[in-house]
Amino acid sequence: MLNIKYELTKEKKAKPDENNLGFGIYYTDHMFIIEHTEGIGWHDARIVPYQPLTLDPAAMVFHYAMESFEGLKAYRLPDNSIQLFRPEKNAERMINTNKRMCLPSLSVEDFVQAVKAIVETDKDWVPHNDGTSLYIRPFVIATEPHLGVRTSKHHKFIIICSPVGAYYSTGINPVKIFVEDEYTRACPGGTGFTKCGGNYAASLVSQVKAHDLGYEQTLWLDGVEHKYVEEVGSMNCFFKIDGVVYTAPCVGTVLPGVTRMSCIELIKKWGYEVSEERLPITKVMEASKEGKLEEVFGTGTAAVISPVGELRYEDEVAYINDGKIGELTQKLYDTLTGIQWGKIPDDMGWTTKVCD
Ligand SMILES: *Cc1c(COP(=O)(O)O)cnc(C)c1O
């Protein structure tokens with residue numbers, strides 16, 4: 001159990017217009033901080049007014065990307081209570097990330113306690129409109145001033161929160177995806193399975209390239225042969241081919257998404273075959289030509305489910321389901337969002353109440 005001290009703001013900010021929240025633009029009144037010092041462990045848990053950090057310019061996070069993060073959401077239910085979706089899965093994943101990155105971790109219990117505490121403090125910021133939510137961003141940074149490369153003796157774990165709009169405010173439009181065959185996101189033995197800023201810094205070059213070619217996101221192939229499909233931008237990716245649902249195995253180069261895990265559980269429950277065998281991009285393109293590529297979708301906390309309407313690989317383009325959302329994609333979207341916003345009963349036991 002963390003002993004959290006509260007220093008509440010004297011000047012609450014004006015709330016933004018719930019119809020125009022966007023993603024990651026507005027921040028709530030408070031933030032959670034706890035310090036980690038080598039030899040002492042975690043100390044000084046507190047909730048303070050949202051404010052800039054003061055760090056030494058030699059702080060190790062600035063030089064060697066010694067950072068990790070998580071992403072989850074709080075949802076407002078029809079009865080105005082607030083809940084989280086599988087927050088202990090984010091806590092467990094952050095522990096796995098931090099082991100790889102030599103960063104300290106909170107226990108699962110302390111992580112969930114901290115998330116609940118900041119959401120409850122800023123509960124008025126959990127928006128009400130359909131499809132809106134409070135995005136929660138926990139992160140760890142190495143703050144010791146030191147230019148030699150080694151692990152840091154001092155870290156901060158911080159949680160900030162941002163009210164975010166309905167991802168599909170203009171309806172669910174399938175995205176156009178560019179299959180990246182030049183750059184690599186992750187390699188065996190690397191950091192692909194971690195949520196660390198460095199992975200994203202190294203991926204932007206492909207995002208820019210995809211945008212320049214008129215595509216919205218990049219589909220990454222494996223880093224060794226550039227042959228097997230792995231992930232789409234910040235989402236896991238699923239392919240329904242001839243009745244079977246494929247998604248890349250989480251064996252070190254793929255981020256183990258909470259949404260991915262939840263989709264696999266639902267798809268199996270509904271009686272489909274799910275394959276986590278490696279899937280060659282050539283098999284996807286062939287299936288498309290034979291009319292067997294039934295559905296493609298990305299999964300992640302921000303969008304929940306994002307249907308893919310078009311895939312470009314080298315000089316070939318696969319058009320999926322006439323640019324419309326597929327039947328399974330729609331069912332997953334309705335079920336997951338139904339459970340998250342409390343519109344259908346949570347018979348999977350996935351949600352945790354923050355406050356009534
Ligand atoms: C966060 C993330 C995902 C999605 O994970 P969720 O837990 O479902 O939000 C997928 N891929 C990458 C690279 C990510 O960083």
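Counting starts at 1 for both ligands and their atoms, following the listed order.
Near Gly257, meaning under 4.0 Å from any of its heavy atoms, are these atoms of ligand 1: 5 (O), 6 (P), 7 (O), 8 (O). Distances below 4.0 Å separate heavy atoms of Arg93 from the following atoms of ligand 1: 5 (O), 6 (P), 7 (O).
In this structure, Lys13 satisfies the cation-pi test against Tyr50, with its NZ or CZ atom closer than 6.0 Å to the six-membered ring centre and inside 45 degrees of the ring normal.
In terms of polar-atom proximity, Thr299 is not counted as a contact of ligand 1, lacking any N or O under 3.5 Å from an N or O of the ligand. For ligand 1, the polar-atom distance check against Asn90 finds no nitrogen or oxygen pair separated by under 3.5 Å. Not one N or O of Phe69 is nearer than 3.5 Å to an N or O of ligand 1, by distance alone. Looking at ligand 1, you'll find an N or O of Lys195 within less than 3.5 Å of one of its N or O atoms. Taking distance alone, with nitrogen or oxygen atoms compared against 3.5 Å, Tyr200 approaches ligand 1 more closely than that limit.
There is a side-chain donor-acceptor pair under 3.5 Å between Gln330 and Asp334. The closest side-chain donor-acceptor pair between Asp29 and Thr9, if any, does not fall under 3.5 angstrom.
Between Glu70 and Tyr135 the shortest heavy-atom distance is O-OH, 4.2 Å.
For the pair Asn236 (side chain) and Arg260 (backbone), a donor-acceptor distance under 3.5 Å is absent. Of the possible polar contacts, none joining the Lys268 side chain to the Val274 backbone as a donor-acceptor pair under 3.5 Å is found.
Only side-chain heavy atoms of Arg185 come within less than 4.0 Å of ligand 1; its backbone N, CA, C and O stay farther off. With a 4.0 Å cut-off on non-hydrogen atoms, Thr301 touches ligand 1 through its backbone as well as its side chain.
At a threshold of 4.5 Å between non-hydrogen side-chain atoms, the residues Leu21 and Pro127 count as touching.
Judged by the shortest distance from any of its heavy atoms, Gly71 lies outside the 4.0 Å radius around the atoms of ligand 1.
Protein heavy atom closest to atom 8 (O) of ligand 1, with residue, atom name and distance, is Thr259 OG1, 2.6 Å.
The aromatic rings of His36 and His155 sit perpendicular to each other, their planes meeting at more than 60°, with 30° as the lower class boundary.
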